[in-house]
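Below is one structure, written out as structure tokens; comments come after it.
All figures in this text were calculated on a predicted structure; none of them were measured in a lab. To find a chain, count down the sequence lines: A is the first, B the second, and so on, and within it residues start at 1.
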Number of protein chains: 2
Amino acid sequence: MTIPAARRRGRPRERVLDAEAILDTTLTVIRDAGLKGLTMRVLALRLGVSVSALYHHVPSRAGLLANVQERFAEGLDVSGFGNIPLREALARWAWSYLHQLRRQPELVPVIVEVPLAQAPRSSLMYQRVIAGFAVAGWPEESTVASMSVLETFIFGAALDSPSPDDAYEPQGAEHSPLLARSYAAFSQAVEDQEARPRDLVFSMGLEAILTGLHSLWGSGRGWARAGAGMRPDA
Amino acid sequence: MTIPAARRRGRPRERVLDAEAILDTTLTVIRDAGLKGLTMRVLALRLGVSVSALYHHVPSRAGLLANVQERFAEGLDVSGFGNIPLREALARWAWSYLHQLRRQPELVPVIVEVPLAQAPRSSLMYQRVIAGFAVAGWPEESTVASMSVLETFIFGAALDSPSPDDAYEPQGAEHSPLLARSYAAFSQAVEDQEARPRDLVFSMGLEAILTGLHSLWGSGRGWARAGAGMRPDA
DNA sequence: ACCTGAACACCGTTCAAGT
DNA sequence: ACCTGAACACCGTTCAAGT
């Protein structure tokens with residue numbers, strides 16, 4: 001890191017910034033200091049400019065995060081759809097989705113909260129997934145909801161990523177032998193599978209969802225049964 | 001709202017605050033102004049005290065949020081476990097969980113991020129759920145992970161709550177007839193079921209997960225199959 | 001012990017002044 | 001057009017001074 005050359009007051013002869021460079025540095029800062037650590041001052045410091053210089057290339061901090069979301073969607077693995085069996089293509093997509101969210105858990109709120117309207121490139125990703133369902137012969141009415149179910153599960157799985165692996169350890173276990181035994185049994189399975197707890201939970205949930213969805217839409221009962229889980233008191 | 005009587009400088013004759021009152025007002029503020037809107041200044045203003053007075057009853061803003069999490073766990077419906085069929089008890093619990101998160105979506109990060117170590121009362125809730133699995137005869141090694149899968153899905157479902165119902169509407173649909181048809185078919189199902197899109201997705205996911213988990217652990221193959229969804233390239 | 005008021009070290013955003 | 005520096009209206013937290 002060289003000491004940035006002091007810049008005089010007016011417009012420099014060569015342009016110093018562009019949106020791309022700002023985005024790159026944004027991701028680095030988020031990785032290093034988290035979303036809360038992403039401040040315009042820190043960003044400016046890393047880029048060697050003044051804070052207000054950023055506003056010539058990015059409308060606001062929120063606009064910056066929309067760019068983050070766009071780049072994220074392009075990083076997901078949709079290569080399986082149409083090329084390998086759907087179940088494997090979905091697993092590949094889901095794991096890449098989770099993996100990318102886990103690599104930067106601080107991005108989860110960004111991905112979830114940025115409206116799709118501000119991220120047109122993200123919908124290209126969705127097209128690939130839906131097309132995968134269609135090619136595999138799933139009824140058209142089932143595909144959007146099925147994808148949403150998977151995405152919902154993935155978001156949830158990404159949420160507890162910051163927590164340590166022993167977050168499953170109960171607090172008041174000494175007061176409940178059953179709870180203690182259950183956690184011990186789960187820990188044993190984790191050991192046997194040579195996996196991390198959260199990975200085992202994710203793979204089990206993924207397997208259950210894919211199996212469940214298939215049974216739902218293969219049974220020919222469709223929404224009649226898919227809606228069976230409606231809230232009792234709704 | 002009466003104009004608060006001006007308070008003199010020293011210790012008042014009667015105590016003005018306590019942790020319970022602060023928690024009540026905290027929830028009100030979060031409901032009105034969101035988590036970002038929860039500032040110590042706003043909180044103090046609503047309570048009619050100075051900002052620094054809060055620190056006599058609460059260690060920090062984070063400590064305040066731990067209290068929020070504790071109260072949340074006590075509001076979940078675990079009444080079904082041990083009393084009605086497990087599948088229905090789980091559905092009741094899951095819907096109450098989701099419903100409470102949806103009522104205050106801003107609470108999601110609080111619930112997820114506050115370490116269980118700081119919320120001992122939350123683990124009482126988990127005990128009830130695990131006991132429900134046990135009574136229904138599920139293998140001990142399956143219960144913790146099964147509950148986690150459900151919780152993961154619930155968290156994910158709560159995340160997109162702030163987004164409007166038409167968030168499922170694609171952006172570039174005009175470029176993809178398939179995507180347009182799929183969304184239309186889903187919308188039709190929503191109309192037929194007289195449900196909101198996100199409710200339909202949740203009930204479908206819940207149904208799929210319960211069916212899938214049952215098939216997983218009823219097949220006698222247990223983790224061997226539950227682990228089948230492991231990341232291909234892991 | 002419990003409250004007030006002032007202070008400290010931060011934020012995101014705006015804008016006149018410079019080239 | 002594009003950068004700087006100062007300003008504005010906010011944060012959470014601390015602490016001496018008061019009763």
Check: Taking 5' to 3' order, which nucleotide of DNA chain C is first and which is last to have an atom within less than 4.0 Å of a heavy atom in chain A?
Finding: C:dC11 to C:dT19

Checklist line | Pairing string, 5' to 3', for DNA chain D - Watson-Crick or wobble contacts under 3.5 Å, brackets [ ] where pairs cross, | to another strand | finding: ||.|||||...|||||.||

Residues two or more places apart in sequence or in another chain: which of them pass side-chain contact (heavy atoms from CB on, under 4.5 Å) with [X]?
| X | answer |
| --- | --- |
| A:L178 | A:S176, A:R181, A:S182, B:I130, B:A131, B:A134, B:E140 |
| A:R11 | none |
| B:A73 | B:S122 |
| A:A208 | B:L213 |

Item checked: Pair A:F81 and A:F133, ring centroids less than 6.0 Å apart -> no

Item checked: Sequence-distant partners of B:Q100, side-chain hydrogen bond (donor to acceptor under 3.5 Å, both in side chains), two or more places apart ->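 For B:Q100, no residue satisfies side-chain hydrogen bond (donor to acceptor under 3.5 Å, both in side chains) once neighbours in sequence are set aside.
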
Notebook entry, point to check: Partners of B:S79 by side-chain hydrogen bond (donor to acceptor under 3.5 Å, both in side chains), sequence neighbours excluded?
Noted result: B:D77, B:R92

Check: What residues in residues 10-42 of chain B put a non-hydrogen atom under 4.0 Å from any atom of DNA chain D?
Finding: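 Close to the strand are B:G10, B:R11, B:L38, B:T39, B:M40, B:R41.
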
Next item on the list: Under 4.0 Å between any heavy atoms, over every strand shown, what does A:V49 touch: base, sugar-phosphate, or nothing? Just pick one.
Entry: sugar-phosphate

Notebook entry, point to check: If you look at every strand shown and take non-hydrogen atoms under 4.0 Å, does B:R9 touch a base, only sugar-phosphate, or nothing?
Noted result: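 Counting heavy atoms under 4.0 Å across all strands, the contact made by B:R9 includes a base.
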
Notebook entry, point to check: Nearest nucleotide by nearest heavy atom, which residue falls closer to the 5' end of DNA chain D, B:H56 or B:R61?
Noted result: B:R61

Note to self: Which residues pass the salt bridge (charged side-chain N to carboxylate O under 4.0 Å, His left out) test with B:E191, not counting sequence neighbours?
What the structure shows: none

Check: Quick one: salt bridge (charged side-chain N to carboxylate O under 4.0 Å, His left out) partners of A:R71, sequence neighbours excluded?
Finding: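 Partners of A:R71 under the salt bridge (charged side-chain N to carboxylate O under 4.0 Å, His left out) test: A:E20, A:D24.
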
Next item on the list: Name all pairs fulfilling the salt bridge (Lys or Arg N to Asp or Glu O under 4.0 Å) condition that reach into residues 30-41 of chain B, sequence neighbours left out, sorted by first residue then second.
Entry: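 Matches after skipping sequence neighbours: B:D32-B:R46.
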
